[in-house]
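Note sheet for the following structure.
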Amino acid sequence: MKRKQVTSNVREYTVEEPIELLPYLLKIMSKSSRNSVKSILTRGQVMVDGQMTTKHNQPLAPGQKVEIQSNKAAINVSKLVGVSILHEDDDLIVINKDAGVLSVASEKEKDQTAYKEIMKYVKRSRPDNRIFVVHRLDRDTSGVMMFAKNEETQQALQSTWNDSVKERLYTALVEGKVRTESGTISSWLTENSAFRVYSNPTDNGGQHAITHYRKVQANKDFSLLEVLLETGRKNQIRVHMEELGHPVVGDKKYGATGNPLRRVGLHATALAFLHPRTGELVRFEAEVPQVFITRSK
């Protein structure tokens, strides 16, 4: 393994055999943990032949130069506002979206959106790069979300969404102490002209929605739930938590009495799906906000 010290801020290595980028970094940074190596890659501190990359699976060939930059020297992905990148490959970008950030532009808000931030990011390497919307999160929901990097991937995911997506796991901080350890809510959801979604226990022509939940911890004021979606309907978790008698914290539209977090207590924790190019089952997680945990202890 050839290494050349360029400056105090940059370490340069020469690749000697075919390998993907993340395994190569783990090899040359063997004294660092896997998480710390992945963080360096995600933060934009790695360059291959002078081009910044965050792709874990980028192929490397003998003779290519890999540079690892210090925090001060890095072309920092953390300049992104309201989003951070969890994973990137040739087809997809998976992000962690902050609460309060729109997924895409609306009539009222066109500036700070996840779409706009990631579009700016991909154009840094090539001005003609684009991203394509696959799915969305509510503005007040944080967590895992993805964009496609080409239309083929977007169409492949959207056309097979119900079959390709194997897990949509959320974490909800809800009001009050949930008594049951776990349960399932099944109902039909309809939306009125004021864009409020209502739940009905029998088929009324609406969309059938199924939500599974498991209590993680609780105190007299709040409960922390893991929520697994069997269907993905608009406002499904929020409506079903209201129906359970424990509305999501901060969700005044669906029954919450207060807003102690100054946000809605809903987080998209994990998304697992079959990768449209490889067919491999992939899973991405975004860490549960610490305030959810401390409030429900």
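Quick caveat, the model's predicted, so the values are computed rather than measured.
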Side chain to side chain contact (heavy atoms under 4.5 Å, CB included) with [X]: which residues, sequence neighbours excluded?
X	value
Q64	V15, V48, D49, L60, A61
H135	M145, M146, W161, R168, L271
E152	N150
S33	N35, S36

### Query
Which is it for R238 and D138 under the salt bridge (charged side-chain N to carboxylate O under 4.0 Å, His left out) test, yes or no, and what are the steps along the way?
CA-CA 11 Å; R238 298 162 63 184; D138 289 347; 3.1 Å; yes
### Message
Less than 4.0 angstrom from a charged side-chain N to a carboxylate O is my criterion; do E181 and K215 meet it?
### Response
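Yes, this pair counts.
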### Query
Salt bridge or not for K27 and E16, using N-O below 4.0 Å?
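Here K27 does not pair with E16 in a salt bridge, since their nearest N and O are not under 4.0 Å apart.
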### Contacts of K234 that satisfy salt bridge (Lys or Arg N to Asp or Glu O under 4.0 Å) - sequence neighbours left out
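With neighbours one apart ignored, the set is E191.
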### Derivation and outcome, side chain to side chain contact (heavy atoms under 4.5 Å, CB included), residues F273 and L281
CA-CA 6 Å; F273 57 94; L281 180 63; 5.7 Å; no
Transitively linked via ILVMFWY side-chain contacts under 4.5 Å: [X] with [Y]?
X	Y	answer
Y115	L80	yes
I237	I210	no
V282	F147	no
Y213	V248	yes

### Message
Holding to ring pair (Phe, Tyr, Trp, His ring centres under 6.0 Å), I want the full list of residues that pass it with H275, two or more places apart in sequence or in another chain.
### Response
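Testing H275 for ring pair (Phe, Tyr, Trp, His ring centres under 6.0 Å), a comparison that skips the adjacent residues, returns none.
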Test item: [X] side-chain N/O and [Y] main-chain N/O as donor-acceptor pair under 3.5 Å:
X	Y	answer
Q112	L102	no
S223	V178	yes
T160	D163	no
S103	L137	yes
R263	L266	yes
K55	E88	no
K149	I93	no
N219	R295	yes
R196	K253	yes
T171	T269	no

### Message
Apply the hydrophobic cluster definition, ILVMFWY joined by side-chain contacts under 4.5 Å directly or through others, and give me every member besides F132.
### Response
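ILVMFWY cluster around F132 holds nothing else.
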### Message
With ring-ring contact (aromatic ring centres under 6.0 Å, His included) as the rule and sequence neighbours excluded, what pairs involving residues 163-209 come up?
### Response
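Pairs touching residues 163-209 that pass the test: W188-H208.
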Interatomic distance, [X] atom [atom1] to [Y] atom [atom2] [nearest 0.5 angstrom]:
X	Y	atom1	atom2	answer
T180	L244	OG1	CG	6.0 Å
M29	I68	CE	CD1	4.5 Å
S32	K38	OG	NZ	14.5 Å

### Query
Would H212 and E230 satisfy side-chain hydrogen bond (donor to acceptor under 3.5 Å, both in side chains), going step by step from the backbone distance to the final call?
CA-CA 7 Å; H212 307 282; E230 188 170 323; 2.6 Å; yes
Can you tell if the side chain of [X] reaches within under 4.5 Å of the side chain of [Y], non-hydrogen atoms only?
X	Y	result
T184	T211	no
E67	E12	yes
V197	Y254	yes
R139	V264	no

### Message
Take a 6.0 Å sphere around CG of N162 and say whether it holds more than 12 heavy atoms from other residues, nucleotides or ligands.
### Response
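Result for CG/N162: open.
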### Criterion side chain to side chain contact (heavy atoms under 4.5 Å, CB included) on Q217 and K297, from CA distance to verdict
CA-CA 7 Å; Q217 61 185 31; K297 277 187 174 178; 3.5 Å; yes
### Query
For L21 and V46, what are the C-alpha separation, side-chain angles and deciding distance, and is it a side chain to side chain contact (heavy atoms under 4.5 Å, CB included)?
CA-CA 10 Å; L21 182 55; V46 178; 4.2 Å; yes
### Task
Would you kindly say whether Q207 and T231 are connected by a side-chain donor-acceptor distance under 3.5 Å?
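Checked: Q207/T231 side chains show no N/O donor-acceptor pair below 3.5 Å.
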Can you sort out the partners of [X] under side-chain hydrogen bond (donor to acceptor under 3.5 Å, both in side chains), two or more places apart, ordered by chain and number?
X	answer
S159	none
T202	N200
K120	E117

What donor-acceptor contacts under 3.5 angstrom involve side-chain atoms of residues 284-293, with partners at least two apart or in another chain?
residue: E285; atom: OE2; partner: R283; partner atom: NH1; Å: 2.4

### Message
Which residue in the set T53, L22, L41, V66 passes side chain to side chain contact (heavy atoms under 4.5 Å, CB included) when paired with Q58?
### Response
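Option passing the side chain to side chain contact (heavy atoms under 4.5 Å, CB included) with Q58: T53.
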